Amino acid sequence: MREESGMKKSDRKRGGDWRQFLGFFKKVKLSWRWILLALAVSIAYYAAVSFVPGSTAALYAGDFGMAAIMGLVLNYVCTLVLSLVTSISRLIAESKSVRSVRNSVWKRMIGVKAEYYDEHDPGRLLSAVTSDAETTVTSLIAVIIMIPSLIMYLVMCLAQISMYNRKLLAVLFVLVPAYIAYGFFMGRWMFGTGRAVQMRIGGLTGFLTERIRNLLLIKSFAAEKKEVEKGVAAAEGLYKANVQYQYITGVQVAFTFVTEAVGIVTAVLWGCHLLQNGEIDLEAWLAFFLFVPMINTVLRQLAMMWSNIKEVQGRASRMSEIMDAPQEAQNPQAVETVPEGNVVFEKVCFSYVKDKPVLQNMDLVIPHGKTTAIVGVSGSGKTTVLKLLEQLYVPDSGRITIDGTDIRGLNLQSFRNCLSYVTQDAAMFGGTVRECLTYGVHREVRDEEILEAAKKAEIYEYIMAQPDGLETELAIAGRRLSGGQRQRLVIARELLKKADILLMDEPTSALDAETAAAVSNTIFREFQGKTIIMVTHELNFISEADQIIVMNHGRLEGCGTHRELLASCGSYRGLVEEQSYQEVFAQ
Ligand code: ADP
């Protein structure tokens with residue numbers, strides 16, 4: 001889907017970026033203790049298995065002595081125990097490592113700069129945490145354990161064969177080149193297919209998450225049929241990638257059959273030839289015949305390791321991108337205490353996209369403890385002012401200060417704890433009413449305090465009317481609540497947070513006029529004395545604000561009180577007239 005087509009062509013050609021791949025595994029923590037244990041036991045297992053043909057051949061050749069029988073039995077018992085221990089330790093290593101990688105990727109996804117998600121749909125990245133982590137880590141651990149084990153196994157087998165007669169090793173001249181070619185071509189193919197499968201899974205997950213989240217929108221536009229078709233198309237993409245994957249697997253199986261057949265025929269012919277010439281005896285021939293399929297398997301598995309590595313690389317590439325995504329900078333010399341005072345924008349310039357300025361030389365003074373309304377036509381940069389203040393984005397030039405201190409010099413966590421953000425859609429998570437009200441409140445809060453805040457926000461009666469009170473489960477994102485109830489819950493949450501600066505982005509625009517007036521009264525009453533910065537077009541708020549900032553296409557058009565601006569700012573008068581007109585007609 002989108003990301004796949006966005007995959008760098010150079011990556012496809014080179015078959016992946018090795019530095020990024022290795023860097024990824026440096027950034028995550030694998031459970032090395034368990035991996036090394038599994039590796040050690042696996043090597044011991046393969047060493048034990050390599051003795052099986054020798055002891056079996058002796059029996060086949062007629063040696064029924066106690067030592068030969070006991071040797072074989074002991075050999076089988078050892079391999080059984082070692083195989084069990086390998087499987088268990090490998091499973092533990094995998095589970096622990098998958099958990100750790102998931103946690104690391106999730107941590108990076110949360111810590112990433114907001115701008116990263118302007119270009120990457122978070123929904124599509126979710127499968128990096130769910131499926132990519134599992135498949136990648138499991139395959140990688142298989143590679144780490146299997147390569148040394150198989151090499152060890154091969155060396156042991158070859159050493160034992162050469163003890164019978166070195167000429168037997170000539171069979172390698174046929175098998176080795178075949179497997180090298182196989183490994184090389186499969187590897188390239190696997191990388192592309194591994195990545196395509198991950199991208200398609202990501203695309204499908206992102207698509208479904210977005211659609212289910214906006215189910216009401218789909219229904220109100222009667223777009224179910226179209227969405228079903230789009231979902232089917234997204235699933236079809238994954239199906240095709242999976243078919244290609246299975247196709248490669250099919251080629252692998254076919255190749256396996258052919259090389260095994262060639263190997264065995266070569267071994268039989270070559271062995272018979274040496275036997276006829278009297279260079280080996282029957283036991284050596286039998287042992288050789290038993291060793292050849294094993295060598296075949298080892299070589300095939302080793303060749304597959306290359307394709308497995310490429311597959312892991314393909315599957316890990318999206319997680320690597322997330323791990324490399326720019327993180328919010330934590331300034332080591334950051335100041336913990338956030339000063340109180342005026343918020344000042346000094347010649348702030350900002351653009352989301354290069355050469356498309358959104359704010360141009362903004363000079364603003366937002367007085368401490370007062371209410372400032374930001375008004376302007378849509379797209380003039382009002383919300384961007386709030387985002388810059390929150391440090392979700394960083395100005396291209398200029399600076400933002402509080403009481404003279406550049407906000408970039410403040411500890412990000414402490415700074416954000418001093419801010420509250422109320423949005424138009426009253427964003428909240430599911431969970432109980434208590435969890436919703438105390439979200440982001442980093443201190444112990446007693447029930448009385450919660451209920452007091454609920455009373456102030458005028459949502460107390462609603463909570464008390466619920467059978468479980470504060471323990472009432474809200475549906476996901478408070479879906480069963482009305483817009484006014486959600487906004488009141490958010491106000492109660494902000495009251496508990498006790499932030500110094502309140503950022504509000506059209507907090508009442510989704511509400512009907514009566515509810516909007518009631519909610520705005522609550523805001524003015526309860527947050528008196530706080531620094532409130534509110535993007536709004538409601539006359540209610542505008543006329544009550546201590547200061548109004550008028551913006552137009554990223555520039556400051558005017559600043560002052562309602563009266564001052566009515567007298568001095570033409571575009572403000574225009575906005576007010578338009579708003580009054582709308583409000584009259586809304587009644
Ligand atoms: P307002 O709040 O005044 O309606 P915004 O601050 O939301 O305006 O947006 C100002 C301009 O920046 C608009 O042209 C908008 O399209 C653009 N913009 C907003 N967010 C982004 C973003 N994440 N990436 C790119 N452009 C953006």
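When a ligand or atom number is given, it counts from 1 through the structure's own listing order. Keep in mind the model is a prediction, meaning the values are calculated, not measured.
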*Contact bool for atom 10 (C) of ligand 1 (protein heavy atom, d < 4.0 Å)*: yes
*Any idea which of S380, G379, S378 brings a heavy atom closest to atom 14 (O) of ligand 1?*
G379
_Could you identify the single nearest non-hydrogen protein atom to atom 7 (O) of ligand 1 and state the distance to 0.1 Å?_
T383 CB, 3.6 Å
*Where is the nearest protein heavy atom to atom 27 (C) of ligand 1: which residue, which atom, and how far?*
Y352 CD1, 3.2 Å
*Side chain, backbone, both or neither: which part of T384 has a heavy atom under 4.0 Å from ligand 1?*
both
*Determine whether more than 12 heavy atoms belonging to other residues, nucleotides or ligands lie under 6.0 Å from atom OH of Y439.*
no
*asked:* So for ligand 1, is G381 a polar contact partner (N or O within less than 3.5 Å, distance only)?
replied: yes
*Say you draw a straight line from OG1 of T136 to CD of E134; how long is it, rounded to the nearest 0.5 Å?*
9.5 Å
*Take Y393 and T384, measure what side-chain hydrogen bond (donor to acceptor under 3.5 Å, both in side chains) needs, and give me the verdict at the end.*
CA-CA 9 Å; Y393 294 84; T384 306; over 6 Å; no
*Pairwise side-chain contact, L502 with I523, heavy-atom cut-off 4.5 Å (strictly under)*: no
*What are the two closest non-hydrogen atoms of V375 and T536, and how far apart are they?*
CG1-O, 3.4 Å
*Report, as yes or no, whether the 6.0 Å neighbourhood of atom CD on Q327 holds more than 12 heavy atoms from other residues, nucleotides or ligands.*
yes
*If we only count heavy atoms from C-beta on, is the L470 to T432 side-chain gap below 4.5 Å?*
no
*Backbone, side chain, both or neither: what part of V358 comes under 4.0 angstrom of ligand 1, heavy atoms only?*
side chain
*Find all atoms of ligand 1 within a distance of less than 4.0 Å from any non-hydrogen atom belonging to Y393, and give their numbers and elements.*
23 (N)
*Short check: is a protein heavy atom less than 4.0 Å from atom 23 (N) of ligand 1?*
yes
*asked:* Below 4.0 Å, non-hydrogen atoms only: which portion of F350 touches ligand 1? Side chain, backbone, both or neither.
replied: neither
*Carboxylate-amine/guanidinium contact K530 E494, below 4.0 Å*: no
*With heavy atoms of K382 as the reference, note each atom of ligand 1 found under 4.0 Å away.*
1 (P), 2 (O), 3 (O), 4 (O), 6 (O), 8 (O)
